[in-house]
Amino acid sequence: MTPQEFLERASSLAAEALAALSGASTPEVLEEARVKYLGSKGLLSALSRQMGGLDREARPEAGKALNDARAALQEALAAARGRVAGSGEGAEELDVTLPGRRVPVGHTHLINRTAREICAIFERMGLTITLGPEVETDYYNFEALNFPHDHPSRDMQQTLFLEDGLLLRTHTSCVQIRTMEKTRPPVWIIVPGKTYRRDDDLTHSPMFNQVEGLVVDKGITMADLKGVLSEFARQFFSPSTGIRLRPSFFPFTEPSAEVDIACVSCGGRGCRICKGTGWLEVLGCGMVDPALYAYVGYDPEEVSGFAFGIGVDRMAMLKYRLDSIGRFYSGDTRSMRQFPG
Ligand code: DAH
């Protein structure tokens, strides 16, 4: 065979093989074509063995022609495999009448949902959502809220301290000061947010959620506070849910009160949930202590106000009857999946 004949043979063989590969319509026919042209005993291999009979100088060109042909055919083979897959025996049948696979859709976490429900009720009463930082200074978390230095009320907050005199806020009450500092009265705000304490058991988590309320305006009285909170309990729990106020102490309110709602489980008769009392403690509140106004430059002769702090986690546990706060934060999605919406 002359070199010229060899190259012509290689080229016609490649064209023939290409036609066979691209014409194959089933995996079986394709495999047959592969063995015939590209197999170790195939036509391409047979031709390459004849290279030995060529002149020494003609061999590089002949070898290159064969290599190029083989590479092009390998590529054509891969493409043909993709094309015929699914048409042969045992291949997956495409049944277009089968129903589609359902894509799981996420939903709002129960804590966020509860915080939004709480805020929405107060927004309808005219309060505006306001936010503040989770990393705070002693000044906003304690001092300007009238927590005296070295006073036991600071210990009660189980504070998590950071470096450089910073801390993780133990309550959302800091935003009362931040807001009054920036705005003149009237102030009508509702503040949802994360809060932190050194606390961890069935009803406490180191990170939890609060919603703070603050109203400072002309002529605000304790009757306004009780009216607003009564309406809140009716809208959040049920139209027949009653509340009661018990005297309490917070450094930043005077007088201060703790608010109980009639037990969501027994309606007030007494049961395991309310430990037989008929009442459940749900939030702290009071009239803004005039000492705070000195920190923000408000005139206590001009304005008065009330404030309250609601534990979102506790509200969610009561409303949706969960027994442990850990259900919110464990990462086990089974608990939360029961509460779509
Ligand atoms: N900051 C209080 C706490 O986390 C809750 C609280 C009580 C907030 C009374 C208030 C309030 O605004 O008036 O324990």
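Just follow the structure's listing: the first ligand is 1, and inside any ligand the first atom is 1.
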Protein neighbours of ligand 1 with a heavy atom under 4.0 Å, given by chain and number, are H171, S173, Q176, R197, Q210, E212, F250, F252, T253, G284, C285, G286, A307, F308, G309
Are Y196 and E134 packed together at the side-chain level, in the sense that at least one heavy-atom pair is separated by less than 4.5 angstrom? yes
Between CZ on residue R327 and CE on residue M317, distance to nearest 0.5 Å: 9.5 Å
Pairwise distance SG(C119) to CD1(I129) - rounded to 0.5 angstrom: 4.0 Å
Please state whether the rings of F142 and F147 are parallel, tilted or perpendicular, taking 30° and 60° as the class boundaries. perpendicular
Parallel under 30°, tilted from 30 to 60°, perpendicular over 60°: which one fits the rings of Y295 and Y139? perpendicular
Taking the six-membered ring for Trp, is the centroid-to-centroid distance between F308 and F122 below 6.0 Å? yes
